[in-house]
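Every number for a ligand or one of its atoms is a count from 1 in the order of the listing. Just so you know, residue 1 is the first one in the sequence shown, and it goes up from there. Below, each value reflects all heavy atoms present in this structure, side chains not excepted, and no hydrogens, waters or symmetry copies.
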Amino acid sequence: MPAGEHEFVVVANRLPVDITVAADGSLSWERSPGGLVTALAPIMQKNDGAWVGWSGQAGFEHEPFDGEGMRLWPVTLSEDEIEAYYEGFSNGTLWPLYHDVIVPPEFHRAWWNTYVSVNRRFAAAAAEAAAPGGTVWVHDYQLQLVPSVLRLLRPDVKIGFFNHIPFPPLEIFTQLPWRRQVVEGLLGADLVGFQRPGDAANFLRAVRRLTGLRVQGPQVTVPGRWSRPDRTVRAQAFPISIDAASFDELARTPEVLARAKEIRKELGSPDVLLLGVDRLDYTKGIRHRLKAFGELLEDGQLRVPEACMIQVASPSRERVEQYRQLRDEVEVTVGRINGDFGTLGRAAVHYMHHSYPMEEMAALYRAADVMLVTSLRDGMNLVAKEYVAARSDLGGALVLSEFTGAADELTQALQINPHDIDGTKATIMRAIGMDAREGRRRMRSLRRRVLEHDVQRWADDFLGYLAMSVPSPMSVPSP
Ligand code: F6P
């Protein structure tokens with residue numbers, strides 16, 4: 001396949017922009033919020049980068065174009081493909097399977113077939129974009145077959161893959177009828193990155209069991225085909241982070257600080273403000289959190305209006321049935337808690353089903369006394385890191401589920417098992433009553449970790465390892 005011109009190519013399910021098409025067919029776009037694009041933008045600019053991804057709209061077809069200092073390379077998906085590849089196989093099969101089967105994954109052959117063909121399309125676009133000997137970085141569970149397809153098309157490029165969500169234990173992963181194909185897909189990469197060491201270990205165990213290949217420490221030896229030499233694939237943890245310095249800076253601005261004060265005032269100046277911020281997803285443990293808070297009100301350990309909670313639940317995957325059901329359940333629960341414990345003009349739970357700009361998020365973080373992250377399983381959880389980055393005043397307390405990737409790093413958070421409602425209630429009360437000195441000590445240590453290990457360092461680490469990976473077969477002289 002003829003090579004392209006981009007030294008560095010990112011392949012992700014979504015493009016890093018939200019595109020609007022005007023009536024005359026002209027395009028405009030806005031950079032979507034998120035750490036990944038912030039971290040990669042400077043690398044893109046330096047290396048003439050391209051970003052291959054879906055626009056988020058059905059049938060959107062456009063030539064690659066320049067924007068945000070890179071070449072944006074849209075991959076077209078039809079309405080049927082979105083249903084089968086994105087809502088179906090990615091979010092109805094892999095997402096629940098990789099998150100401890102919190103809801104039952106569905107296995108449909110038609111979804112798998114579309115996942116294969118869409119992955120091939122992404123790989124073909126990356127193959128067209130990448131310069132000879134260039135670097136391609138593939139992201140996440142929607143694109144696990146891209147590395148092996150791309151390697152066949154372009155054996156000269158270096159391929160990295162990063163999985164943003166957990167990689168499940170073998171006992172769960174092997175439920176997948178196409179488990180071997182997925183593992184072989186990932187083994188097309190030179191470097192496979194995961195959030196936690198446990199995820200990398202799960203993957204290596206799956207490789208050993210399902211392919212019989214030689215695994216030594218973090219390395220897998222893949223025998224060369226068609227007289228090419230053997231290759232080594234490395235699997236290792238690279239915990240992702242946020243653009244911590246920018247977030248820290250934003251949360252110190254007079255506007256954000258004034259808004260934080262205003263938020264508390266609008267809520268009736270409560271003594272205790274609890275906060276939850278999540279995509280509305282069943283992995284986030286929103287119902288468990290509401291249950292714990294509801295019981296604290298019922299037991300009389302907390303009372304409205306002295307205490308209240310804000311729950312921001314941003315809309316997500318709204319056409320997937322499990323997400324619709326979750327929304328109904330959360331909204332019924334919020335209604336019940338407010339009905340039982342709210343007073344005229346003072347709600348117990350302020351529930352917001354929309355997303356907010358970063359400035360408002362920073363103000364919410366600054367306003368909250370206790371941040372509740374209660375995920376039942378979470379690859380990393382960047383909200384926990386944002387909260388910490390926002391608290392330059394060393395105030396606030398973080399209650400953090402031990403089932404998040406962040407728990408490995410944020411050891412000074414008050415950690416909980418969200419399934420243990422009594423334990424969660426006790427920890428929330430401990431966070432509320434925590435001595436200010438202990439709170440500051442914990443927050444200082446959390447901040448050190450988050451500010452030192454930011455998303456830039458994450459990208460540099462990953463790309464540093466990828467650059468050191470064995471040269472790809474074409475550049476190695478044949479024996
Ligand atoms: O890693 C999980 C992830 O795919 C993120 O990349 C993304 O921000 C989030 O889930 C939401 O995903 P979606 O693209 O399905 O809205």
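Remark: ligand 1 atoms within the under-4.0 Å shell around heavy atoms of Tyr141 are 4 (O). Below 4.0 Å from some heavy atom of Arg279 lie the following atoms of ligand 1, by number and element: 9 (C), 10 (O), 11 (C). Atoms of ligand 1 lying under 4.0 Å from any heavy atom of Tyr86, numbered from 1 in the order shown and given with element: 13 (P), 14 (O), 15 (O), 16 (O).
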- Message: What verdict does the side-chain hydrogen bond (donor to acceptor under 3.5 Å, both in side chains) test give for Arg289 and Gln311, after you've listed the backbone C-alpha separation in whole Å, the side-chain angles of each residue and the deciding distance to 0.1 Å?
- Response: CA-CA 10 Å; Arg289 181 184 314 164; Gln311 175 63 54; 2.7 Å; yes

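Side-chain contact check for Leu280 versus Glu318: every heavy-atom pair is 4.5 Å or farther apart. Proximity of Leu94 to Gln144: side-chain heavy atoms (C-beta onward) are separated by under 4.5 Å at one or more points.
Closest to atom 4 (O) of ligand 1 by heavy atom, among His164, Gln142, Glu87, is Gln142.
Under a 4.0 Å N-O distance rule, the pair Asp190/Arg151 qualifies as a salt bridge. A salt bridge links Glu184 with Arg180: at least one charged nitrogen is closer than 4.0 Å to a carboxylate oxygen.
Contact annotation for Arg317 and ligand 1: only side-chain heavy atoms (C-beta onward) come within less than 4.0 Å of the ligand. Contact annotation: for Trp95 versus ligand 1, heavy atoms closer than 4.0 Å belong to the side chain alone.
Within a 4.0 Å radius of atom 7 (C) of ligand 1, the protein contributes no heavy atom.
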